[in-house]
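To start, the structure itself, in C-alpha cells.
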2 protein chains.
Amino acid sequence: GSELLEQERAKSKVNTSALSTFLHTKAGLERKHKILAILQQEKVFDKSQNYFAGRVDRFETALARAKKLRQLYVKHGWTNDDKQCANELISEPGPYGLHESMFLITLQGQGNAEQHKRFLEPAQEYKYIGCYAQTELGHGSNVRGLETTATWNPEDKTFTIHSPTLTSSKWWIGSLGRTANFAVVMAQLYLGGKPYGPHPFVVQIRDLKTHQPLENIAIGDIGPKFGYNTMDNGYLLFNKVKVPHISMLARFSSIDPKTNKYIRPSSPSLIYGTLTWVRSTIVLQSGGVLARGVTIATRYCSVRRQFQDRDAQSPETAENQVINYTMVQIRLLPLLATCFALHFTGRGMMALYEANQRKLAADAGKGAQSGNRGAGPEETNSSSDLLADLHATSCGLKSLASYTAVEGLEMCRRACGGHGYSNFSGIGTWFADYLPTATWEGDNYMLTQQVARYLLKSARSVLKGNEPTNDTQSILSNFLARQDQGAAFDVLTKDEDIVEAFAWRSSFLTFEALKHRDEQKRSWNSLLVDFYRLSRAHSQYMVVKNFYETLQSPAISSELDPPTLDVMHKLFRLYALHTLEQEASEFYTSSAVTVRQIQLARTNSVMKLLEDIRPHAIRLVDSWDFPDWQLDSSLGRSDGKVYEDMFYRASELNPLNNITVDPYPDSPVLFREKEAQKAKL
Amino acid sequence: GSELLEQERAKSKVNTSALSTFLHTKAGLERKHKILAILQQEKVFDKSQNYFAGRVDRFETALARAKKLRQLYVKHGWTNDDKQCANELISEPGPYGLHESMFLITLQGQGNAEQHKRFLEPAQEYKYIGCYAQTELGHGSNVRGLETTATWNPEDKTFTIHSPTLTSSKWWIGSLGRTANFAVVMAQLYLGGKPYGPHPFVVQIRDLKTHQPLENIAIGDIGPKFGYNTMDNGYLLFNKVKVPHISMLARFSSIDPKTNKYIRPSSPSLIYGTLTWVRSTIVLQSGGVLARGVTIATRYCSVRRQFQDRDAQSPETAENQVINYTMVQIRLLPLLATCFALHFTGRGMMALYEANQRKLAADAGKGAQSGNRGAGPEETNSSSDLLADLHATSCGLKSLASYTAVEGLEMCRRACGGHGYSNFSGIGTWFADYLPTATWEGDNYMLTQQVARYLLKSARSVLKGNEPTNDTQSILSNFLARQDQGAAFDVLTKDEDIVEAFAWRSSFLTFEALKHRDEQKRSWNSLLVDFYRLSRAHSQYMVVKNFYETLQSPAISSELDPPTLDVMHKLFRLYALHTLEQEASEFYTSSAVTVRQIQLARTNSVMKLLEDIRPHAIRLVDSWDFPDWQLDSSLGRSDGKVYEDMFYRASELNPLNNITVDPYPDSPVLFREKEAQKAKL
Ligand SMILES: Cc1cc2nc3c(=O)[nH]c(=O)nc-3n(C[C@H](O)[C@H](O)[C@H](O)COP(=O)(O)OP(=O)(O)OC[C@H]3O[C@@H](n4cnc5c(N)ncnc54)[C@H](O)[C@@H]3O)c2cc1C
Ligand SMILES: Cc1cc2nc3c(=O)[nH]c(=O)nc-3n(C[C@H](O)[C@H](O)[C@H](O)COP(=O)(O)OP(=O)(O)OC[C@H]3O[C@@H](n4cnc5c(N)ncnc54)[C@H](O)[C@@H]3O)c2cc1C
C-alpha cells in the first residue's frame with residue numbers, strides 16, 4: 001500500500017501544505033499538532049480498545065477521558081479553541097459534553113449577574129456539573145408543547161417544578177443520565193393559574209456528596225443508542241419539587257417577587273442569534289465531518305486493487321486501483337468537492353454572523369437613543385433584516401449540510417466494499433455518532449418550513465416593489481425582472497452563469513410556492529413537500545455561491561499557487577455541475593437550463609472533471625490534515641499499510657480471540673475456560 | 001397510544017387478514033405462529049438484554065441460541081422452512097449461519113457421492129461444523145484474483161493448501177472465527193506448475209476434540225463490525241497444509257489421481273443457477289426487511305403527536321399525529337408501496353426460477369439424446385436463454401432491492417425523529433445487520449455491469465433482426481419499431497402505459513449505451529456510470545411490471561375483496577408514479593413522458609395518492625403480520641404503548657443505571673461501588 005500512496009502523491013502538484021493552511025489557518029494547524037502531542041502521551045486517550053469495548057466500559061473510559069481533559073485544560077491554561085481541538089482529535093462525545101456547551105452557554109446568556117455568581121461560577125469550576133433539559137418523552141420539536149410545569153408560589157416565593165405525566169419526562173438529555181448534578185430545565189411557567197410558555201430554570205438534581213438523586217426526583221440513563229454511547233443521555237422526572245425564586249433564569253424575562261407580576265422578554269432576537277450561531281457551526285463542521293470519510297475511502301480505494309481493466313491489452317497488466325473505475329470516482333470525487341464547498345459555506349456563514357453581531361450591537365446603541373422603532377415594517381431595519389436572512393439561511397444550510405455529510409459518509413463506507421463494514425474502517429462509528437446532528441438543533445425536515453416561510457415573506461416584499469436589502473431579495477427581484485425574457489445561462493463554460501442558474505431555480509420555486517399559498521390558498525400542510533424542495537434548492541444555491549466567492553477572493557489567490565488554484569476551480573465546477581445534474585428536473589422545469597445542457601453536463605463535463613481531478617485526489621485529502629490518530633482507521637492510514645493494520649487489530653487486539661467455544665449443539669458448554677485462564681494454570 | 005391505533009384500524013376497510021394470507025399464504029402464517037409459541041417458551045430466546053449486551057456476551061448468547069435451535073429442530077422434526085421461519089423471528093445472525101447455508105449447499109451441490117458420504121453426512125449431524133471461505137483480505141469481488149493455492153502433489157496424491165501472502169488470508173468468513181471446525185476453501189488449483197483457476201476444497205481446520213486450530217493453520221475472529229456482531233466472521237491462513245485427494249469437490253471438475261490430469265467442468269450453468277437462486281431470495285426478502293422499518297415508523301408516526309396544524313381554526317385543536325403531515329407521508333407511504341412491490345417482484349423471480357429449473361432438467365434430458373448442442377448461437381436454446389435473462393435480472397434486482405431496503409430503513413428511522421436514534425426503536429440494529437446484503441453475493445455496484453453486458457448483448461441480437469425469445473428482447477424490439485413514431489404514454493391514467501413507459505426508458509438507455517460502446521468505441525470503464533443507471537432503470541421496470549402483473553392475476557382478485565384491491569391498486573400507482581417522478585430526468589430525455597406529465601404526477605397524482613392511502617396505512621402495515629416479539633421495538637408496538645415501553649426499558653432493563661459515578665474532574669474515582677453491590681451489604 002505504501003508505494004501506491006507515494007506514487008499518488010508524486011503524481012500531483014497540488015500544494016498540500018498551502019491548501020491545509022488555507023483551510024485551517026497556520027494557527028489552527030499548529031494548535032492541532034501541539035494538542036495532539038499532549039493527548040498522545042496520556043494513556044487514557046489510547047484508542048486501541050475503542051472498537052471492542054461494550055457500553056459500560058466505553059462510558060467509564062469516556063468519563064476518565066473527560067476528567068483528564070479538564071485537568072489538562074487547567075494545567076496547560078488552554079483556551080476554548082484548544083479544548084475544542086482536543087475534542088475533535090479524540091472524536092467521541094463525553095459525559096461533560098452538555099455541561100461544557102449548552103449548560104454554561106445558557107447560564108451565561110440567560111442568567112443575570114446574581115445568577116452568574118450563584119450558578120455560573122461554581123459551574124465553571126466543575127462544582128456543579130450541568131445539562132440542558134428541554135426535550136421530553138412526548139415533545140421535541142414542538143417546544144411550546146412541553147408538559148413539565150413550573151408554578152409560582154406567591155406565598156413563599158418559590159416555584160414548584162412538576163412532571164404531571166409519563167410523557168412529560170425529560171428525555172434524551174445529554175450528560176444527565178449518570179453525570180450531572182444540575183440541570184437547566186425548560187418548563188411551562190404558571191402564574192396565578194395562567195400559562196406563560198416555556199422558561200428555563202436552574203435546578204439541582206443530585207446530591208453534591210452522595211451523587212444520588214434528590215428527593216422526589218427520578219433520573220436515569222435512557223439506554224443504548226445507534227451511536228453516541230459514550231454519552232449518558234438521560235431522563236428526569238420531578239414530583240412537585242420546590243426551587244427558590246433565583247432558579248428562573250432572569251436575563252430576558254422574570255417574575256417580580258414583590259408584585260408577583262411577569263416581566264416580559266426584552267430582546268428575543270439575541271436568543272435567535274444563539275440558534276443561528278449553533279447552526280452555522282454545524283454547517284462549518286460538516287465539511288470536515290465528511291472529509292474524514294472521504295479521506296479514508298479515497299486512500300483505501302487508491303491502495304485497493306481489484307480486477308484488470310476490461311479493455312486492458314495485455315493479460316499481464318496488474319490489477320487496477322479501484323479508484324480508477326469511473327463508478328468509484330463518481331461516488332467519491334463529487335463528495336471530495338462537497339467537503340470544500342461546505343467548509344467554505346460554513347466560513348461564509350460565520351463571517352456574516354459575526355458582521356451582523358457587530359451591526360446589532362451598533363443598532364442597539366442607536367435604538368437606545370431613538371426609543372422604540374415604531375410601527376414600521378421590520379424590513380426597514382437592516383440588521384434585523386440581515387438577521388432574518390441569516391437565520392433562515394442557517395436553517396436551510398444546517399439541514400442540507402448535515403444530511404449531505406450523513407449520506408456522504410455512508411457512500412464512502414460502501415465505496416470500501418466489504419472492509420468498509422469492519423469497525424476498523426473508522427467510518428461506521430463516526431457515521432453513527434454524527435447521525436443525530438440531523439435531528440437536534442431542529443429536525444432537518446422541519447427546518448425547511450422556516451426557510452420557506454422566510455422566502456415567501458421575501459417574495460411578497462419584492463412583489464410589492466420594495467427595494468431589495470439583501471441577497472435573497474436581490475435574486476428574487478432579478479428573477480421577476482428577467483422572467484419574461486427567459487434565462488439562457490451558459491452553465492457549461494461560465495462560472496457566474498452556474499451561480500445564476502442556481503439562483504434562478506431557487507427563485508422560480510419560491511414564486512411557484514407563493515402562487516400555491518397566496519393565490520390558490522393551498523393549506524400549509526399540503527405544501528410541505530414543495531417547501532422541502534425549495535429549501536434544498538435555496539441552500540444549494542448558497543453553497544455554490546459561497547464556493548464561487550471563495551474562489552474569487554483575494555485571499556485564495558495570494559495563498560495558493562496556480563496549479564492548486566486550478567484544481568480548486570475544477571472542484572467547484574464538479575460540485576456545481578454534479579449537483580445540477582442530480583437535480584436536473586428542477587433546473588429544466590424552471591427553464592434555467594435546457595435538457596441538452598444537462599445531458600452534456602452529465603456525459604461530458606462531469607466525466608471530464610472526474611478524470612482531471614483523479615490524479616490529485618490523494619493530495620487533496622491529505623490537505624485536510626487528519627492525523628492517523630484522529631481517524632483511527634485501518635483503511636485510511638496515511639502510509640497505506642491497510643492490510644497490515646487490519647490484520648494486527650483483528651489478531652492482536654481482539655478479545656473474542658481469547659475464547660474457545662464448544663461448537664457442538666448437544667453440548668451445554670458454550671465457552672470453554674478462556675485461553676488466558678489456561679495460560680495461568 | 002392505544003386508542004390512536006384503534007381509531008386508525010377502525011377507519012379503514014382493508015381486510016388485514018386476507019391481505020396477510022395473500023402475502024404469506026395460510027400455511028406460512030400458521031407456521032409462524034406455531035414456531036413463535038415454541039420460541040417464546042425458551043428462556044434463551046428472551047430478547048430483553050439484546051440491546052444492552054456487549055460483543056462477547058452477545059456472541060455467547062447467540063451460540064446458545066444456535067444450539068437450542070438445532071435441538072428444537074431435531075425435537076420437533078422441523079422442515080427447513082420451519083427453521084428459516086425461526087431464524088426470521090429471532091432476527092439475529094448466529095454462529096451456525098454459514099454452516100447451515102453455504103457450507104451444506106456447497107457440499108451438496110458440488111460434492112460427488114463419495115464426498116457426500118465422507119463430508120456431508122457428518123456435517124448434517126453437526127459433527128463437522130463448516131464455513132465457506134472464499135473472500136481474502138486482498139480479494140473479494142474478483143474471485144479469479146484469489147491468492148490461496150492448492151497444489152497437486154502427484155507423488156502422494158495430495159494437495160498442499162497454502163497462503164503465500166498476508167493478503168491471501170481468508171477474511172470475512174462467517175462462522176469461522178470461533179465456531180467452525182471445517183471449511184470449504186476456494187483456492188487456485190496448480191497442477192504441474194500450471195494454474196487452473198479457483199476451485200473448492202473441503203479442509204478440516206480445528207481439532208474435533210480440543211477445538212484448537214490444527215497445526216500450521218492460523219484462525220481468528222476479524223473483530224467488531226458495524227453490525228452482524230453475533231456472528232464470528234473470521235480469518236484463516238495455511239502454512240503448507242496437506243489434504244487428501246478427496247478434499248477437492250469433484251462434481252464438476254476434478255483431478256484424475258491415476259493420470260494426474262485435470263478433468264474439465266461439465267455444466268457450469270448449474271452453479272450459475274445457485275447464484276441466481278440466492279439473489280432471487282434476497283429480492284424476495286427485501287420487501288419484508290423494509291416492511292419491518294415501515295411498520296415501526298408508521299405505527300409510531302400514528303401515535304406521535306407534534307404541533308397543531310398551522311391552518312387549524314381553533315387554538316384548542318389537539319396536536320396533529322405526525323403521519324398527517326405530508327412531509328412525513330411522502331417519506332413513508334411510497335416506502336410502504338415499495339414493500340409490496342419488492343415482495344411481488346421477488347415472488348415473480350422465484351416462480352420464473354423454478355419454471356426454468358424444470359425446463360433445464362427437461363432440456364438436459366433432450367441434450368443427452370441429441371448430443372452436443374453444436375455451434376449455433378446460445379440464443380436458440382430457450383432454457384439457457386431464459387437462464388441468462390434470469391441471471392441478469394437477478395443481478396440488477398438484487399442491487400436495486402437491497403439498496404432500496406437499506407435506504408428505506410434509514411428513512412424510516414429518521415421519520416421517528418429523536419426516538420428513532422434509540423436502540424429501542426428497533427430500526428437501527430436491524431439496518432446495521434442488514435447492510436452487508438448490499439455487498440455480499442455481488443457488490444451492488446459491480447452487479448450492474450453484468451446487467452448492462454446482458455442488455456447490450458440482447459440489443460445486438462435484436463438489431464440483427466433475431467426474433468425476441470424473452471421479455472427483455474421484446475421490449476427492445478418494440479422500442480426499435482416505435483422509436484420514430486415516438487411514445488405518447490398516458491401514464492397518469494393508464495396502468496399499462498406506466499409499465500410501457502418504464503420499458504421505454506430502459507430500452508432507450510440500452511440503445512444509448514450500445515451506441516457508446518459499439519459505434520463510438522468508448523472504453524468499458526468510461527461507461528460504468530451509464531451502466532449503473534441502465535441497470536437501475538431496467539430493474540425498476542421489472543418491479544413495476546411484476547407489481548402490475550400481480551394485480552392482474554386471478555389469484556389476487558379471488559383472495560382480496562374490492563376495497564382492499566382498490567388500495568393495492570393505489571399502492572401500485574404510488575410506487576410507479578413516485579419512482580417516475582424521482583427519476584424524472586431519464587423519463588423526459590427518453591421522451592417516454594413530457595415535462596408537463598411529470599409535473600402533474602408530482603403535484604397532483606402523487607399527493608392525491610398519499611391522501612387516499614393515508615387512512616389505510618396502519619391496516620396495511622398490520623397485514624405484514626410482524627409479531628411484536630419479532631420487531632422488538634418500543635416504537636413499533638402493535639398496541640401503541642410506545643412511551644410506556646420506552647420508559648420501562650430505560651428504567652428497568654438498563655444496566656448502566658446500576659452505576660453511580662463520581663462526577664468531579666479532580667477525583668480519580670470513576671464508578672463508585674455499584675448500587676447492586678451496596679444493596680448486598
Ligand atoms: C443523541 C441525541 C441527543 C440529544 N440531546 C439533547 C439534549 O441534551 N437536550 C435536549 O433538550 N434535547 C436533546 N435531544 C433531543 C432533540 O433535540 C430532539 O430529538 C429533536 O428536537 C427532535 O424532536 P423529536 O424527537 O421530538 O421529533 P418529532 O418532532 O417528534 O418528529 C417526529 C417526526 O415528525 C415530523 N414532524 C414533526 N412535526 C412536524 C410538522 N409540524 N410538520 C412536518 N413534520 C413534522 C418530523 O420531521 C419527524 O419526522 C437529543 C436527541 C438526540 C437524538
Ligand atoms: C458481513 C459480511 C459477511 C461476509 N461473509 C462472507 C463469507 O462467509 N464467505 C466469504 O467468502 N465472503 C464473505 N464476505 C465477503 C464478501 O463476499 C465481499 O466483501 C464482497 O464480495 C465484496 O468484495 P470486496 O470486499 O473485496 O470489495 P472490492 O471488490 O474490493 O470492492 C471495493 C470497491 O471497488 C469497487 N470495484 C471493485 N471492482 C470494480 C470494477 N471492476 N469496476 C467498478 N468498481 C469496482 C466496488 O464497487 C467497491 O466500491 C462477507 C462480507 C461481509 C461484509
Side-chain angles (χ1 to χ4, degrees), chain A residues 51-52 54 56 60 63-64 67 70 126 129 137 140-142 166-167 172 178-179 211 220-226 235 306-307 309-311 325-327 330 417-418 421-423 428 436 439 443 445 523-526 528-529 532 584-585 643 649-651 654 656-657 660-661 663 665 670-671, chain B residues 51-52 54 56 60 63-64 67 70 126 129 137 140-142 166-167 172 178-179 211 220-226 235 306-307 309-311 325-327 330 417-418 421-423 428 436 439 443 445 523-526 528-529 532 584-585 643 649-651 654 656-657 660-661 663 665 670-671:
Chain A
Y51 294 133
F52 299 99
V56 174
E60 187 171 18
L63 181 61
K67 290 187 177 197
R70 167 67 190 170
Y126 289 68
I129 294 165
L137 197 41
S141 310
N142 184 15
L166 174 68
T167 46
W172 278 114
R178 300 283 87 196
T179 311
H211 203 59
D221 174 271
I222 63 164
K225 295 147 290 188
F226 192 62
Y235 64 83
Q306 203 80 188
F307 294 100
D309 192 280
R310 235 177 105 88
D311 296 312
Y325 294 115
T326 56
M327 193 60 221
I330 193 88
Y421 193 65
S422 166
N423 279 358
T439 305
D443 169 88
Y445 293 96
S523 73
W524 187 261
N525 187 18
S526 73
L528 296 182
V529 181
Y532 184 81
S585 118
Y643 300 118
R649 295 193 194 224
S651 59
N654 183 358
L656 193 61
N657 285 330
T660 303
V661 309
L670 299 172
F671 289 177
Chain B
Y51 294 134
F52 299 99
V56 174
E60 187 171 17
L63 181 61
K67 289 185 177 196
R70 167 67 190 170
Y126 288 67
I129 295 165
L137 196 42
S141 309
N142 183 15
L166 174 67
T167 46
W172 278 114
R178 300 282 88 195
T179 311
H211 203 59
D221 173 271
I222 62 164
K225 295 148 289 189
F226 193 62
Y235 64 84
Q306 203 80 187
F307 293 101
D309 192 283
R310 235 177 105 86
D311 296 313
Y325 295 115
T326 56
M327 192 62 222
I330 193 87
Y421 193 64
S422 167
N423 278 358
T439 305
D443 168 87
Y445 293 96
S523 74
W524 186 260
N525 186 19
S526 73
L528 296 182
V529 180
Y532 184 80
S585 117
Y643 301 118
R649 293 193 194 224
S651 60
N654 183 357
L656 193 61
N657 286 329
T660 302
V661 310
L670 299 171
F671 289 177

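Since we're looking at a predicted model, the values are computed, not measured. Order of the sequence lines fixes the chain letters, A, B, ..., with proteins taken first and strands second; residue numbering starts at 1 for each chain.
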Side chain, backbone, both or neither: which part of [X] has a heavy atom under 4.5 Å from chain B?
X: A:Asn142; value: both
X: A:Ile330; value: side chain
X: A:Ile129; value: side chain
X: A:Thr167; value: side chain
X: A:Leu166; value: side chain
X: A:Phe307; value: both

Exercise for the section: Could you tell me which residues satisfy side-chain hydrogen bond (donor to acceptor under 3.5 Å, both in side chains) with B:Tyr643, sequence neighbours excluded, listed by chain and number? Expected result: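 Only B:Arg304 meet the side-chain hydrogen bond (donor to acceptor under 3.5 Å, both in side chains) criterion with B:Tyr643.
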
Handout entry: A:Asn657 side-chain N/O to B:Asp221 backbone N/O, donor-acceptor pair under 3.5 Å
Key =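 Looks like yes, one N/O pair under 3.5 Å.
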
Problem - B:Gln306 (side chain) donor-acceptor with A:Gly140 (main chain) under 3.5 angstrom - result: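 Yes; judged by distance alone, with no hydrogens or angles, the pair exists.
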
Practice task
Report the residues that fulfil salt bridge (charged side-chain N to carboxylate O under 4.0 Å, His left out) with A:Arg70, sequence neighbours left out, ordered by chain and then residue number.
Solution key: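 Not a single residue meets the salt bridge (charged side-chain N to carboxylate O under 4.0 Å, His left out) criterion with A:Arg70.
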
Handout entry: Among the listed options B:Ser422, B:Pro224, B:Ser141, the residue most often paired with chain A at heavy-atom distances under 4.5 Å
Key =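 Maximum pair count with chain A is reached by B:Pro224.
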
Problem - Option in B:Ser585, B:Pro436, B:Ser526 with maximal non-hydrogen atom pairs under 4.5 Å from chain A - result: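 If we count pairs closer than 4.5 Å to chain A, B:Pro436 comes out on top.
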
Problem - Structural part of B:Thr326 lying under 4.5 Å from a heavy atom of chain A - result: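 Looking at B:Thr326, backbone and side chain both touch chain A.
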
Practice task
Please state whether the side chain, the backbone, both or neither of B:Leu670 comes within less than 4.5 Å of a heavy atom of chain A.
Solution key: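 Both the backbone and the side chain of B:Leu670 come within 4.5 Å of chain A.
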
Exercise for the section: Enter the distance from A:Tyr51:OH to B:Phe226:CZ here, rounded to the nearest 0.5 Å. Expected result: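 Reported to 0.5 Å precision, the distance equals 12.0 Å.
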
Exercise for the section: Go through the steps for A:Tyr421 and B:Trp172 under the test side chain to side chain contact (heavy atoms under 4.5 Å, CB included), then give the verdict. Expected result: CA-CA 10 Å; A:Tyr421 193 65; B:Trp172 278 114; 3.8 Å; yes

Exercise for the section: Test side chain to side chain contact (heavy atoms under 4.5 Å, CB included) on A:Asn525 and B:Asp309 and set out the steps. Expected result: CA-CA 7 Å; A:Asn525 187 18; B:Asp309 192 283; 4.0 Å; yes

